[in-house]
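Here's the structure we're looking at; comments come further down.
Ligands are counted one by one from 1 in listed order, and the atoms in each one are counted from 1 as well. These numbers come from the heavy atoms of this one structure, side chains and all, not from hydrogens, waters or symmetry mates.
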Amino acid sequence: MARVFSGIQPSGVPTLGNYLGAIRNWVALQDAHDCLFCVVDLHAITVWQDPSGLRQATREMAASVMACGIDPARHILFHQSAVPAHAELAWIFNCVARLGWLNRMTQFKDKSGKDREAASAGLYVYPNLMAADILAYHATLVPVGDDQRQHIELANDIAQKFNHDYGREFFPLIEAAIPVTSARVMSLRDGTRKMSKSDPSDQSRINLTDDTDSIVQKIRKAKTDPAPLPETLAELEARPEARNLVGIYAALTEATPEDVLRRFAGQGFGQFKPALAECVAETLRPIRAETLRLMADTTALDAGLRAGAARAAAIAEPILRETQALVGLLPAR
Ligand code: TYM
């Protein structure tokens, strides 16, 4: 059985993009796989985080993930920093990955922006830590959104080079599980940009704990164009905002964008937006209630994450020890 691993940054409450691009897929994979889900706090500090804000955001993310349907009793949910094997394996991978590979990472280019010299060294080697997250468990199936595709390819390059350099097929090949209709949910303000927690405008995204009023208001104000919805997807190509809203509706109703157009073709956004808002609000109502309930007991949340970390460490440590032995490091014990 393929072992599933995925991670999410502690950006507080997840966005609809995180949900449709990744978390919903995590939930779907739960029934047939052994899964590990990780709140990646070490990745988060590659850019400055206010310490108490980070603690709060880590708990919020864990609570939201559980509220979406991840069962921490059947599977493993934990915070990355609590399992030292991630950072230890990442160091070894820092020595395997080539600068040329890291230089190609579009996410580093985007995140470091114009002032690359001022970016942290951690941001640069971020993909090596991500490879370690997955490979520390010999996980082979990684449910993510489309923006993580390049990082998964890099993880495979690292695994292959390690196996080649040390003469053993030790790390397995990783497969990214990327959804078809919601691999890239875009901003409500600009259909060419990804929906993201780092966008300064809260109007650009739906957060999983938004109440019905704010969902309705954000979707009503979402950028669109005056034309009615067309009959074919091809006609949406030059209309990224309209394309995005149709994609969200399709993902939420588990239909294809073509199905959505068949239903709404000829109608304007005055009709489509309220239908979409209702659909979003309906999906998020129970998630919001459960997140708030879980957030009311942070002691239990913290204890649950620590218990998850102990179970995760029990899998990762033997793999780390074997990696160290392959590299030629003397055993610590
Ligand atoms: P992060 O925290 O940015 O996002 C978490 C997951 O949500 C997906 N996602 C989206 N999908 C569709 N549309 C969007 N607008 C959107 N925004 C985010 C992401 O693709 C991701 O699957 N580097 C990772 C975290 C990570 C990880 C890992 C993932 C660290 N280690 C190991 C998998 C395996 C990240 O920053 O995701």
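Considering backbone and side-chain atoms together, N18 places an N or O closer than 3.5 Å to an N or O of ligand 1. The shortest N or O to N or O distance between M195 and ligand 1 is under 3.5 Å. For a threshold of 3.5 Å applied to N or O pairs, the pair formed by G17 and ligand 1 contains at least one separation below that value. Distances between N or O atoms of S182 and those of ligand 1 include no value under 3.5 Å. On a distance-only criterion, Q148 and ligand 1 share at least one N/O pair closer than 3.5 Å. Annotation: S6 places no N or O atom under 3.5 Å from an N or O atom of ligand 1; distance criterion only. Below 3.5 Å of separation, one finds no N or O of K194 facing any N or O of ligand 1.
Ion pair E153/R104 not flagged as a salt bridge, since none of the NZ, NE, NH1 or NH2 atoms sits closer than 4.0 Å to an Asp/Glu carboxylate oxygen. K218 has a carboxylate O that lies under 4.0 Å from a charged side-chain N of D202, or vice versa, which qualifies the two as a salt bridge.
Ring geometry for H151 against Y126 counts as tilted: the plane angle lies between 30° and 60°, on a 0 to 90° scale. Ring geometry for F272 versus F269: interplanar angle over 60°, hence perpendicular rather than tilted (30 to 60°).
Scanning all protein heavy atoms for the shortest distance to atom 28 (C) of ligand 1 gives M130 CG, 3.4 Å. Summary of contacts: the protein heavy atom closest to atom 15 (N) of ligand 1 is V185 O, 2.7 Å.
Shown here is E278, whose CD atom has no more than 12 heavy atoms of other residues, nucleotides or ligands within 6.0 Å.
Residue nearest to atom 25 (C) of ligand 1, selected from S187, G7, P14, P179: G7 (by heavy-atom distance). With atom 20 (O) of ligand 1 as the reference point, the heavy atom nearest to it among I248, N244, V144, D147 is part of D147.
With D147 as reference, K194 is the one residue of K194, K111, R193 to meet the salt bridge (charged side-chain N to carboxylate O under 4.0 Å, His left out) rule.
Both V13 and V185 belong to a single network of hydrophobic side chains, linked directly or stepwise wherever heavy atoms of I, L, V, M, F, W or Y lie under 4.5 Å apart.
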